[in-house]
Amino acid sequence: QVQLVESGGGLVQAGGSLRLSCAASGRTFSSYAMGWFRQAPGKEREFAAAINWSGSITYAADSVKGRFTISRDNAKNTVYLQMNSLKPEDTGVYYCAAAGDIIATMFASEYNNWGQGTQVTVSS
């Protein structure tokens, strides 16, 4: 079992930046991939970015590619999501998730553990 705690959300103006953090505990952090998902009001949860166990492979949704960067620090048991050039449509609750194995994936069904989420609000 993995426990995940997100932080770093908040209110920011369009064009601004935020960095989300997700601290993990439980299983050995370097034994699983991590992902970030988000859910806008009235919409389903969607994939944002993923990273494999070592940090050597990352994926990002087309909607955030070039603006968001996922990274991880295995020594600190933490995954990050650097979000730049934020847009109002990036508003939502952001969740980090721990996958069942080392392979990065965009599919929510491959993630076994989820954090409680952190709110990101981008004003126009």
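Numbers for residues simply follow the sequence, beginning at 1. Only heavy atoms go into these numbers, but all of them, side chains included; no hydrogens, no water, no symmetry mates.
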Under 4.5 Å between any side-chain heavy atoms of V2 and N112, yes or no?
-> no
Going only through I, L, V, M, F, W and Y residues with side-chain contacts under 4.5 Å, is there a path from Y95 to M83?
-> no
Where the side chain of R27 meets the backbone of Q1, is there a donor-acceptor pair that is under 3.5 Å apart?
-> no
Determine whether I70 and Y80 make a side-chain contact, defined as any pair of heavy atoms from C-beta on separated by less than 4.5 Å.
-> no
For residues L20 and T118, determine if any side-chain heavy atom of one lies less than 4.5 Å from a side-chain heavy atom of the other.
-> yes
What do the steps show when you test S17 against Q82 for side-chain contact (heavy atoms from CB on, under 4.5 Å), and what is the final call?
-> CA-CA 8 Å; S17 298; Q82 178 66 45; 4.0 Å; yes
4.5 Å side-chain heavy-atom contact, L18 and V120 = yes
With sequence neighbours left out, what residues match F68 under ring-ring contact (aromatic ring centres under 6.0 Å, His included)?
-> none
Any side-chain heavy atom of Q119 sitting closer than 4.5 Å to one from Y94?
-> no
Kindly compute the distance separating CG (N84) from OG1 (T69), expressed to the nearest 0.5 Å.
-> 6.5 Å
Kindly indicate whether the side chain of R72, heavy atoms from C-beta on, has any atom under 4.5 Å from the side chain of T78.
-> no
Give a yes or no on whether the backbone of G117 and the side-chain of E6 come within a donor-acceptor separation of less than 3.5 Å.
-> yes
Answer yes or no: is there a side-chain heavy-atom contact under 4.5 Å between M34 and C22?
-> yes
Apply ring-ring contact (aromatic ring centres under 6.0 Å, His included) to F47 and list each qualifying residue two or more places apart in sequence or on a separate chain.
-> F37
Rounded to the nearest 0.5 Å, the CG atom of L4 sits from the OG atom of S25 at a distance of 7.5 Å
Can you measure from CG (D90) to OG1 (T121) and round to the nearest 0.5 angstrom?
-> 11.0 Å
Mind jotting down which residue pairs meet the salt bridge (charged side-chain N to carboxylate O under 4.0 Å, His left out) criterion with at least one end in residues 41-53? Sequence neighbours excluded, please.
-> R38-E46
Partner residues of W53 under the ring-ring contact (aromatic ring centres under 6.0 Å, His included) criterion, sequence neighbours left out = none
So, S30 versus T28: side-chain donor-acceptor pair below 3.5 Å or not?
-> no
Donor-acceptor side-chain pairing of Q3 and N113 below 3.5 angstrom = no
P88 versus A14, closest heavy-atom pair with distance = CD-CB, 4.1 Å
Taking distance alone, no hydrogens or angles, what donor-acceptor pairs closer than 3.5 Å link side-chain atoms of residues 101-109 to residues at least two apart or in another chain?
unit_1: D101; atom_1: OD1; unit_2: I103; atom_2: N; d: 3.0
unit_1: T105; atom_1: OG1; unit_2: F107; atom_2: N; d: 3.1

Same apolar cluster (I L V M F W Y, side chains within < 4.5 Å links), V12/V93 = no
Salt bridge K65-D62, side-chain N to carboxylate O under 4.0 Å = yes
Would L81 and L86 show up in the same hydrophobic cluster when neighbours are defined by side-chain heavy atoms closer than 4.5 Å?
-> yes
Summary of ring pair (Phe, Tyr, Trp, His ring centres under 6.0 Å) pairs that have at least one residue in residues 2-30, sequence neighbours excluded = F29-Y32
